[in-house]
Amino acid sequence: GSNNVAVGHYTLENNTASNNTGVGFNALKANTSGASLVAIGAYALDANTTGERNTAVGLHAMSQNTSGNSNTAVGNEVLPDNTTGTDNTAVGDKAMFENTDGNGNTGLGREALMHNTTAGLNVGVGYHAFRSNTTAQKGTAVGYQAGYSNTTGASNTSVGYQALYSNQTYSNNTAVGKSALNTATNGGNTAVGSDAAEKLTTGSLNTAVGHLALKLATTPQSNTAVGY
């Protein structure tokens, strides 16, 4: 290989490919044919063999990756269990910590999407955003602990401090605003506004728009509330 940079014990020890940069103990140690890689930090991308176009910066960043491509991991123990997952971006301490082969995810913030394993096309931005998500796909969580408890509920959108915090398995909810749908545990609800439908639990197919709209409702079905 050509155009490689190796700094550290065992770094790029088995490499035959080109355009790789490894800095740190065991960085890119197992790499054979993977090209265009950047690994900075002890054990960064140390199991990578054929994966290409990956960037890993931090202790154990992407340390188990073998053939996953086009991933970016920045922070300590970020994407450490990823093996074949592609097109993921994880930034922050333990962001996307358990992802193995989920594709197309973005986790920005400490422990964002931490427990995501095989799910794809999720976005978690903020401290603990979508932290518990495992296999649910096509979800978006933006804000401190937004979508925190979601595990398998798909296509949920939560934006704001602890928005849609308690939902675990139900899908197609939209919560925008501080604590919107905070205790909701059913599907098909829409809440827009600070504390909108905050106390809702098992109710479904409700729409609440405005500050405190449907705030005290707990189990209603198919209600619409608009306004303060």
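Note that the numbering runs from 1 along the sequence shown for the chain.
Between Thr190 and Asn206, the closest side-chain pair of non-hydrogen atoms is not below 4.5 Å. Looking only at side-chain heavy atoms (C-beta outward), Ser158 and Thr174 stay at 4.5 Å or farther from each other. By the 4.5 Å heavy-atom criterion applied to side chains, Leu37 and Thr21 are not counted as neighbours. Looking at Thr152 and Thr134, their side chains come closer than 4.5 Å, going by heavy atoms from C-beta outward. Using a 4.5 Å heavy-atom threshold, the side chains of Asn54 and Val38 count as separate. Residues Leu181 and Asn167 fail the side-chain proximity criterion, which asks for heavy atoms closer than 4.5 Å. Counting only heavy atoms from C-beta outward, the side chains of Asn156 and Asn150 approach each other to under 4.5 Å.
No donor-acceptor pair closer than 3.5 Å links the side chain of Thr185 to the backbone N or O of Gln168. In terms of modelled atom types and a separation under 3.5 Å, the side chain of Thr201 and the main chain of Thr218 share a donor-acceptor contact. Ser67 places no side-chain N or O within donor-acceptor distance of the main-chain N or O of Gly51, the cut-off being under 3.5 Å. In terms of modelled atom types and a separation under 3.5 Å, the side chain of Asn69 and the main chain of Thr86 share no donor-acceptor contact. With hydrogens and angles disregarded, no donor-acceptor distance shorter than 3.5 Å links the side chain of Asp101 to the backbone of Gly85. Of the possible polar contacts, one joining the Thr66 side chain to the Thr83 backbone as a donor-acceptor pair under 3.5 Å is found. A donor-acceptor pair under 3.5 Å is absent between the side-chain atoms of Asn105 and the main chain of Val123, judged by distance alone. Proximity of a side-chain donor or acceptor of Asn48 to a complementary backbone N or O of Gln64 within less than 3.5 Å is not detected.
Using modelled atom types, one finds a donor on one side chain and an acceptor on the other under 3.5 Å when comparing Arg53 with Ser70. With no hydrogens or angles considered, a side-chain donor-acceptor pair links Ser204 and Gln221 at under 3.5 Å.
A pairwise comparison of heavy atoms in Ala191 and Ala196 identifies CB-O, 3.6 Å as the closest pair. Of all heavy-atom pairs between Asn82 and Thr100, the closest is OD1-O, 3.4 Å. Contact between Gln145 and Gln162 at its shortest, heavy atoms only, is OE1-NE2, 2.8 Å. In plain terms, the two heavy atoms of Asn88 and Gly102 that are nearest each other are ND2-O, 2.7 Å. Of all heavy-atom pairs between Gly58 and Ala44, the closest is O-CB, 4.0 Å. For Asp87 against Asn71, the heavy-atom pair with the smallest separation is N-OD1, 3.3 Å.
Between the CD atom of Glu98 and the CG atom of Asn133 there is a distance of 11.5 Å, given to the nearest 0.5 Å. Note that CG of Asn172 is 10.0 Å distant from CG of Leu205, once rounded to the nearest 0.5 Å. Once rounded to the nearest 0.5 Å, the distance linking NZ of Lys215 with CD of Glu198 reads 3.5 Å. The CE atom of Met96 sits 13.0 Å away from the NE2 atom of His115 when rounded to the nearest 0.5 Å. The structure places OG of Ser33 at 7.0 Å from CD of Glu52, a figure rounded to the nearest 0.5 Å.
For the pair Asp46 and Lys29, the salt-bridge criterion is not met [side-chain N within less than 4.0 Å of a carboxylate O]. Taking a cutoff of 4.0 Å between a charged side-chain nitrogen and a carboxylate oxygen, Arg131 and Glu111 qualify as a salt bridge.
Pairs engaging residues 199-227 under the ring-ring contact (aromatic ring centres under 6.0 Å, His included) rule: His211-Tyr228 [sequence neighbours left out].
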Stepwise side-chain contact (heavy atoms from CB on, under 4.5 Å) check, Asn182 with Leu164: CA-CA 5 Å; Asn182 180 269; Leu164 204 61; over 6 Å; no

One pair to check against side-chain contact (heavy atoms from CB on, under 4.5 Å): Asn189 and Leu200. What are the steps and the verdict? CA-CA 9 Å; Asn189 294 297; Leu200 192 72; 3.6 Å; yes

Can you check side-chain contact (heavy atoms from CB on, under 4.5 Å) on Thr207 and Asn223, steps first, answer last? CA-CA 6 Å; Thr207 300; Asn223 287 292; over 6 Å; no

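In the hydrophobic cluster analysis, where Ile, Leu, Val, Met, Phe, Trp and Tyr join through side-chain heavy atoms closer than 4.5 angstrom, Phe130 is grouped apart from Leu108. Note on Val7: it clusters hydrophobically with Ile40, by side-chain heavy-atom contacts below 4.5 Å among ILVMFWY residues. Val142 and Leu113 are assigned to two separate hydrophobic clusters, defined by single-linkage of ILVMFWY side chains at heavy-atom distances under 4.5 Å.
Partners of Asn15 by side chain to side chain contact (heavy atoms under 4.5 Å, CB included), not counting sequence neighbours, listed by chain and number: Asn4, Leu12, Ala17, Asn20, Asn31. In terms of the side chain to side chain contact (heavy atoms under 4.5 Å, CB included) criterion, residue partners of Ser18 (sequence neighbours excluded) are, by chain and number, Ser2. The side chain to side chain contact (heavy atoms under 4.5 Å, CB included) check on Gln137 picks up Ala119, with sequence neighbours excluded. For Tyr161, the side chain to side chain contact (heavy atoms under 4.5 Å, CB included) criterion is met by Tyr144, Lys178, Ser179, not counting sequence neighbours.
Tyr170 OH: 12 or fewer foreign heavy atoms inside a 6.0 Å radius.
The hydrophobic cluster containing Tyr43, built from Ile/Leu/Val/Met/Phe/Trp/Tyr side-chain heavy atoms closer than 4.5 Å, also comprises Tyr10, Phe25, Leu59.
For the pairing with Asn116, the side-chain contact (heavy atoms from CB on, under 4.5 Å) check across Asn99, Thr135, Thr151 returns one residue only, Asn99.
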